[in-house]
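To keep things clear, I will list the structure first and then write my remarks on it.
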There are 2 protein chains.
Amino acid sequence: METIPRESGEHYSTSTNARTHKGVAVEAVTIKEVAALAGVSVGTASRVLSGNPATSADTRERVAAAAAELDYQPNAQAQALRSTRSNSLGLLVPDVRNPFFADLAHAAEQAALSAGYVTLLGNANEQGDQQDRYLDTLISRRVDGVIVAPVGDDGGRLRALIERKVPTVLVDRTVPGLDLPSVTTDSEAGIRQAVQHLAEQGHTRIGYISGPQATSTGRDRFAAFTRAVAEAGLSQDPELVYFGDYQAASGSAGVHALMELTNPPTALLAADSLMAVGAISILHKLGKRIGTDIALVAFDDIEWFALLNPALSVIAHSVEDMGRIAIELLLQVIAGQAPESVVLPSELIVRASSAMPIRPMPILPTTQTEQRSQQ
Amino acid sequence: METIPRESGEHYSTSTNARTHKGVAVEAVTIKEVAALAGVSVGTASRVLSGNPATSADTRERVAAAAAELDYQPNAQAQALRSTRSNSLGLLVPDVRNPFFADLAHAAEQAALSAGYVTLLGNANEQGDQQDRYLDTLISRRVDGVIVAPVGDDGGRLRALIERKVPTVLVDRTVPGLDLPSVTTDSEAGIRQAVQHLAEQGHTRIGYISGPQATSTGRDRFAAFTRAVAEAGLSQDPELVYFGDYQAASGSAGVHALMELTNPPTALLAADSLMAVGAISILHKLGKRIGTDIALVAFDDIEWFALLNPALSVIAHSVEDMGRIAIELLLQVIAGQAPESVVLPSELIVRASSAMPIRPMPILPTTQTEQRSQQ
DNA sequence: ACGTACCATGGAAACGATTCCATGGAAACG
DNA sequence: CGTTTCCATGGAATCGTTTCCATGGTACGT
């Protein structure tokens with residue numbers, strides 16, 4: 001709206017990309033200046049800096065020296081605009097504060113870095129709209145590929161990625177109806193081992209704190225639990241299942257609900273680490289001693305779980321592999337291939353939280369003996 | 001190197017920004033196509049889409065409809081190249097897997113998002129060269145501002161940021177000689193409270209697992225510890241200090257070293273959460289019961305510490321405030337102001353790990369009684 | 001020694017948006 | 001009714017880089 005006449009005088013009228021800061025205009029070094037200092041054309045300078053072999057040793061040297069002298073940093077936006085490659089990947093996780101996803105982010109980021117990509121990390125906060133917002137941002141920034149641990153079940157703006165044929169890989173969770181390569185965990189084995197292990201300790205009523213049924217992991221793990229319980233001949237009382245949302249608070253709520261049953265469980269299985277944290281916290285408050293009064297097993301092998309007293313039994317799966325393989329698959333998609341999805345194994349690690357038989361009595365596989373609550 | 005003649009035929013020779021994927025070329029929607037569909041010029045379309053008021057209601061409507069129809073997502077690179085604003089911030093932390101920095105990243109990212117910025121998260125892995133590499137990447141991407149929890153003491157490429165006048169704010173740690181706004185914690189109060197508290201429990205020899213002296217927090221906290229110990233009249237035996245590197249392994253090594261002294265400490269203070277984790281792990285292995293055989297206090301208030309048994313006493317400081325304020329300061333710097341640095345308070349939270357007097361005997365402030373190691 | 005091949009180089013177009021400037025038309029004013 | 005003002009719009013320049021194309025020069029084969 002300013003109408004003050006501006007003099008278009010004898011300034012450097014050639015290259016003026018100003019970054020203003022505290023009122024002072026700072027000129028960034030461009031390839032033009034590098035070329036000038038080296039005494040070559042812009043095209044030649046570009047060739048040298050991008051490693052194009054069609055250059056003489058002499059110019060290579062002079063351009064490199066000029067770039068170093070001026071501390072030249074190429075404008076990544078201009079590069080990306082022209083070359084349609086941004087050398088950046090998007091990584092979208094439901095929650096960075098969840099140690100599982102923090103580890104995943106770390107693993108993926110390191111793998112991406114060694115492949116020459118920077119990672120834009122986005123946080124969906126377990127909210128579909130925030131995920132969609134980030135996905136649009138990633139489309140706008142023309143990232144070369146995206147790795148998503150999806151929130152919700154409808155795909156949302158993931159479909160926009162697919163339409164645009166943006167290379168995309170799903171990780172940890174899948175979305176029904178979306179045909180994308182993925183890296184997931186086969187929860188079946190780990191959960192069956194956990195249930196069998198608890199049955200061997202004499203437990204007949206296992207409480208299950210489930211993930212939300214709007215996620216693939218929530219459904220898969222719940223189905224695996226149901227099957228395992230049936231196979232082991234344990235109680236299939238539907239009251240023993242509480243549906244949480246993968247956040248700590250719902251782990252607490254789950255324990256509350258399960259322990260108020262007239263016939264409460266003697267063992268608990270939590271479908272992720274955060275809900276396990278919530279469960280532990282409330283069990284402490286309720287005065288229940290883990291590993292003695294009640295057994296507890298958690299999905300996700302978090303370093304800290306081994307430090308608890310008693311140490312927590314967990315169903316482990318390798319988050320490092322998951323992150324690394326996700327990047328590998330993504331690089332393949334970027335290269336124009338159509339890689340197969342990868343399913344990683346899970347396995348039970350028994351520690352003190354579930355190692356002690358609560359009721360040392362023989363298991364009666366056929367007859368379900370009514371047991372009084374131990375209030 | 002291809003010399004195959006390419007036909008430059010009757011294709012859409014106007015706009016061909018191809019993103020190749022699985023061999024198929026996909027054209028991204030550009031503003032040109034939006035303008036064509038709306039029946040206006042590119043300039044007008046741009047004005048509408050960027051909210052420039054110099055547009056008629058009629059065109060606004062038609063352009064908006066066309067953009068929606070085509071699911072247009074602007075090319076952020078072209079926008080940034082022309083407007084010299086990228087609407088993105090860089091956030092560089094020493095280690096995302098450290099829950100303190102994961103929380104910090106989350107807090108900062110949310111604050112940035114609500115201010116309209118996306119965050120590029122980088123991981124220095126506590127290594128100066130990896131930090132430098134990321135800093136160069138951020139310069140190249142022309143981010144609008146950078147928040148750094150610096151690794152090391154020499155600044156490295158941080159000086160390049162300053163030369164270019166890239167708006168930068170330091171967080172958690174500072175670097176001597178760099179005049180940048182920062183958000184840090186005053187460890188003095190929390191550490192003095194912790195030492196006094198331990199002295200009140202009858203401890204006279206407090207082991208200190210220090211952070212590296214090449215970080216400002218390492219130095220500050222060590223100095224605060226030294227002062228507090230002197231004030232409380234406790235042992236200033238230099239053998240009671242172990243210098244770690246803020247990683248879990250060095251916490252274990254520190255406990256090892258301190259417990260092998262002929263006169264080992266009866267209480268431990270760890271300068272960050274990861275070293276505390278390492279310390280807990282090794283104490284378990286050595287059969288030392290925390291809170292009974294040895295007292296333990298950790299710097300950094302991590303949610304999980306409250307779940308340990310016994311719960312861990314901590315020196316707390318607000319990581320949410322730190323992240324949020326860092327973004328606030330950065331926005332001020334971007335706006336051309338020169339904000340003051342902010343120092344946040346710390347305070348002791350006493351839990352079971354340090355609550356019990358280990359040797360209920362009167363303190364002899366002057367005479368140091370020889371105590372046998374309790375191996 | 002001459003033509004061919006090749007290689008390093010300079011110049012210019014292009015990527016997709018923003019933004020300045022000029023213009024045409026409508027509205028407002030006398 | 002004529003002139004001025006203003007506003008919406010189209011066209012063009014521009015951001016910094018890559019990449020295509022043409023060219024000049026050197027080396028090579030005959």
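By convention in this document, chain letters (A, B, ...) are assigned in the order of the sequence lines, proteins followed by strands, and residues within each chain are numbered from 1.
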In whole Å, what is the span from the [atom1] atom of [X] to the [atom2] atom of [N]?
X	N	atom1	atom2	answer
A:R142	C:dC15	CZ	C1'	11 Å
A:R85	C:dC15	CZ	C1'	16 Å
A:E33	D:dT17	CD	C1'	14 Å
B:N87	C:dA17	CG	C1'	14 Å
A:N75	D:dC15	CG	P	12 Å
A:N52	D:dC20	CG	P	10 Å
B:L81	C:dA14	CG	P	17 Å
B:I31	C:dT19	CD1	C1'	12 Å

Item checked: Contacts of A:E328 that satisfy salt bridge (charged side-chain N to carboxylate O under 4.0 Å, His left out) - sequence neighbours left out ->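 Testing A:E328 for salt bridge (charged side-chain N to carboxylate O under 4.0 Å, His left out), a comparison that skips the adjacent residues, returns A:R324.
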Notebook entry, point to check: Using Watson-Crick and G-U wobble pairs with both distances under 3.5 Å, what is the 5'-to-3' dot-bracket string of DNA chain C, with [ ] for crossing pairs and | for pairs outside the strand?
Noted result: ||||||||||||||||||||||||||||||
Next item on the list: For C:dT18, take OP1 and OP2 only and decide whether either is under 4.0 Å from a side-chain N or O of B:S46.
Entry: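 Looking at the OP1 and OP2 atoms of C:dT18, one of them is under 4.0 Å from a side-chain N or O of B:S46.
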Margin query: Taking CD in A:E61 as the centre, count heavy atoms belonging to other residues, nucleotides or ligands within less than 6.0 Å. Is the count above 12?
Written below: no
Notebook entry, point to check: Do A:E126 and A:R173 sit within salt-bridge range, that is, some charged N less than 4.0 Å from a carboxylate O?
Noted result: yes
Margin query: Is a donor from one side chain sitting under 3.5 angstrom from an acceptor on the other, for A:T55 and A:R47?
Written below: no
Next item on the list: Classify the side-chain pair A:Q110/B:N123 by whether it contains a donor and acceptor separated by less than 3.5 Å.
Entry: no
Next item on the list: Can you spot which of A:D136, A:D129, A:D132 makes a side chain to side chain donor-acceptor pair (under 3.5 Å) with A:R157?
Entry: A:D136
Next item on the list: Could you pull out the closest heavy-atom pair between B:V333 and B:P167, with the gap in Å?
Entry: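 Closest pair (atom of B:V333, atom of B:P167, distance): CG1-CB, 3.6 Å.
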Item checked: 4.5 Å side-chain heavy-atom contact, A:V63 and A:L49 -> yes
Next item on the list: For B:A78 and for A:L49, find the nucleotide of DNA chain D with the closest heavy atom, then tell me which residue's nucleotide is more 5'.
Entry: B:A78
Next item on the list: Determine whether any donor atom in the side chain of A:R82 lies under 3.5 Å from an acceptor atom in the base of D:dT17, or the reverse, and answer yes or no.
Entry: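 Side chain to base: no pair below 3.5 Å.
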Item checked: Full working for salt bridge (Lys or Arg N to Asp or Glu O under 4.0 Å) between A:D58 and A:R62 -> CA-CA 6 Å; A:D58 179 50; A:R62 291 216 315 284; 2.7 Å; yes
Note to self: Return a single string for nucleotides 5-11 of chain C, one symbol per nucleotide in 5' to 3' order, where B is base contact, S is sugar-phosphate-only contact and - is none, cutoff 4.0 angstrom on heavy atoms.
What the structure shows: ---SBB-
